[in-house]
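Step one of this worksheet: look at the structure below.
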There are 2 protein chains.
Amino acid sequence: MYKQSERSSAAVLADHTDACPNQASPSHTSSTGHVACSSCNLREMCLPTGLSREDLGKVEAVVNQRRRIARGQALYRSGDDFNAIYAIRYGFFKAQVASPDGREQVTGFLMAGELLGMDGIGTERHTVDAVALEDSEVCVMPFSQLETLSREVNGLQRQLHRVMSREIVRENGVMMLLGTMRAEERLAAFLINLTQRLKARGFSSTELVLRMTREEIGSYLGLKLETVSRTFSRFQDEGLIEVKQRHVKILDADGLRSLFSSEAATAH
Amino acid sequence: MYKQSERSSAAVLADHTDACPNQASPSHTSSTGHVACSSCNLREMCLPTGLSREDLGKVEAVVNQRRRIARGQALYRSGDDFNAIYAIRYGFFKAQVASPDGREQVTGFLMAGELLGMDGIGTERHTVDAVALEDSEVCVMPFSQLETLSREVNGLQRQLHRVMSREIVRENGVMMLLGTMRAEERLAAFLINLTQRLKARGFSSTELVLRMTREEIGSYLGLKLETVSRTFSRFQDEGLIEVKQRHVKILDADGLRSLFSSEAATAH
DNA sequence: CGCAGAGTTGAGGCGCTTCAAGAGCGGTGG
DNA sequence: CCACCGCTCTTGAAGCGCCTCAACTCTGCG
């Protein structure tokens with residue numbers, strides 16, 4: 001039914017069947033089995049997009065390790081040394097920053113095929129926390145090797161620049177959301193964005209299971225959890241969506257879209 | 001008195017003495033005189049930070065053009081083809097995004113030594129407008145040449161990655177500001193940030209001339225111009241600053257800082 | 001001198017937050 | 001198996017912070 005949840009709920013189950021008894025620290029397990037980008041179905045939305053078969057082989061030589069992160073565990077934390085960037089193989093993460101006085105802001109939610117860790121390049125230290133919201137696995141790409149290789153493989157260099165630029169542009173969009181939109185618009189934009197990304201990964205674009213709490217959604221959108229909850233309820237009353245806890249069914253995607261694009265006249 | 005304003009006001013004057021009569025389109029003038037990074041006093045806060053003399057020479061070969069932008073003109077606009085990134089030689093810019101329905105959000109203010117244009121790398125099209133807030137000049141760095149050169153000059157590659165990563169981190173900070181801070185905190189953080197950057201450029205860290213309107217500040221901070229104005233007035237009443245139009249004197253920098261860092265208990 | 005753009009200030013209202021109570025759900029242990 | 005606990009989510013009521021609308025001042029410029 002929820003196509004998205006199949007593997008995910010299985011992963012959650014896996015959490016409690018083998019995470020506890022088998023391993024002391026499941027979050028730091030690294031399965032060093034060789035990684036084959038060429039046989040990864042996320043290839044085309046991950047870092048090696050558009051590389052030739054030959055170049056792909058060179059990249060595979062750099063992506064020599066995977067790492068599993070149990071739900072609730074951090075892949076890295078603000079202040080950690082920066083060594084690598086990470087591609088999500090499966091699972092779901094949040095990225096968040098903390099201010100000196102303890103406030104936290106979720107800066108992004110990341111899913112399979114997306115990259116984590118670019119915040120650390122500038123200072124050799126990570127500046128955000130990357131926390132798994134479900135049991136996840138990432139490919140570890142040591143950055144110094146990536147830099148070396150991208151001098152030789154033009155397509156990789158190009159792709160690395162693209163990915164970083166797109167992250168800048170994505171954040172511009174979030175700034176616009178936070179700076180100019182009302183609660184209703186923010187949440188509608190959030191839902192549409194999520195469903196689009198899920199659709200690109202072959203999941204349903206009308207049914208999804210939220211991997212984060214209302215509070216985390218609120219943090220991302222600059223709202224309090226009660227406002228998120230109320231707005232969900234209002235969307236449901238208006239027939240735009242159907243919400244049952246974290247299960248959301250989109251009933252009127254265009255209606256949602258019209259809440260934040262074009263129809264600016266909604267504001268009175 | 002206002003060290004910062006010396007050259008700037010001179011530039012503004014230049015605007016009205018030669019922009020109108022002498023040139024049809026001052027914003028597109030490119031003075032192709034050779035550019036010498038090695039003799040540029042912004043060298044150490046610009047792209048070629050930390051390069052050897054030899055490598056610097058190679059970079060200079062790529063930075064072969066300057067461009068002047070008159071106040072109010074755009075260096076580039078959203079939708080324009082992406083060709084180059086730009087280093088500001090002097091002047092002041094705002095970067096802003098527009099949503100389909102016409103809302104605008106200022107995503108940054110940029111000063112000498114800072115880089116513009118990285119928003120365009122990902123899609124080969126710019127996604128933001130870069131508008132000069134005073135008469136300005138930039139060094140044009142064709143990106144394809146920069147990519148080619150950065151394969152050869154490791155320091156340049158490294159620096160390019162650093163700069164992009166730092167932009168991501170900066171935007172994370174703005175997201176935190178927009179998502180969690182109150183008007184007072186936002187404006188205090190804004191002022192402290194500006195003065196720090198001015199100080200790094202050798203200007204006074206206590207007296208500054210704002211190059212942007214209240215509305216532009218408000219757009220950046222997710223506030224309305226009236227709120228910006230009122231908050232300035234309140235800061236003045238509290239003896240934190242002295243405001244006279246766009247002239248701002250910082251009287252109590254620590255007081256301002258305490259408004260947004262540590263003292264979270266300010267919220268009641 | 002008058003006009004336009006930018007900034008200030010006041011009054012009132014709305015949207016979101018805050019505070020609070022209760023319901024739903026999953027996990028745990030008797 | 002069911003009672004219980006903790007966490008998440010929902011919903012209501014009241015308050016406050018920022019926005020909206022509006023009038024006025026200030027400054028620079030023709």
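Labels below follow one simple rule: chain letters A, B, ... track the order of the sequence lines, proteins then strands, and each chain is numbered from 1. Just so you know, these numbers come straight off a predicted model, no measurement behind them.
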Quick one: closest heavy-atom pair of [X] and [Y], and the distance?
X: A/Asn193; Y: A/Arg197; value: OD1-NH1, 2.9 Å
X: A/Ala112; Y: A/Met45; value: O-SD, 4.3 Å
X: A/Ser78; Y: A/Asp129; value: N-OD1, 2.7 Å
X: B/Leu133; Y: B/Arg211; value: CB-O, 3.6 Å

Rounding to an integer number of Å, can you tell me how far [X] [atom1] sits from [N] [atom2]?
X: B/Arg182; N: D/dC18; atom1: CZ; atom2: P; value: 7 Å
X: A/Glu242; N: D/dT10; atom1: CD; atom2: P; value: 14 Å
X: B/Leu223; N: D/dG17; atom1: CG; atom2: P; value: 14 Å
X: A/Phe232; N: C/dG24; atom1: CZ; atom2: P; value: 19 Å
X: A/Leu210; N: D/dT8; atom1: CG; atom2: C1'; value: 13 Å
X: A/Leu225; N: D/dC7; atom1: CG; atom2: P; value: 15 Å
X: B/Arg211; N: C/dA6; atom1: CZ; atom2: P; value: 15 Å
X: B/Lys224; N: D/dA22; atom1: NZ; atom2: P; value: 16 Å

Can a donor-acceptor pair under 3.5 Å be found between the side-chain atoms of [X] and the base atoms of [N]?
X: B/Arg230; N: C/dG7; answer: no
X: A/Glu184; N: C/dC16; answer: no
X: A/Glu226; N: C/dC19; answer: yes
X: A/Arg234; N: D/dT10; answer: no

For [X], report the nucleic acid contact type (base, sugar-phosphate, nothing); a contact means any heavy atom under 4.0 Å.
X: B/Ser229; value: base
X: B/Arg246; value: sugar-phosphate
X: A/Gly218; value: nothing
X: A/Gln245; value: sugar-phosphate

Does the side chain of [X] get closer than 4.0 angstrom to OP1 or OP2 of [N] through an N or O atom?
X: B/Arg214; N: C/dT8; result: yes
X: B/Ser233; N: C/dT9; result: yes
X: B/Thr227; N: D/dC18; result: no

Item checked: Nearest-nucleotide 5' precedence on DNA chain C, A/Met181 against A/Lys244 ->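 First, find each residue's nearest nucleotide; the 5'-ward one identifies A/Met181.
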Check: Does CD in B/Glu215 sit with more than 12 non-hydrogen atoms of other residues, nucleotides or ligands closer than 6.0 Å?
Finding: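 Counting other residues, nucleotides and ligands, CD of B/Glu215 stays at 12 neighbours or fewer.
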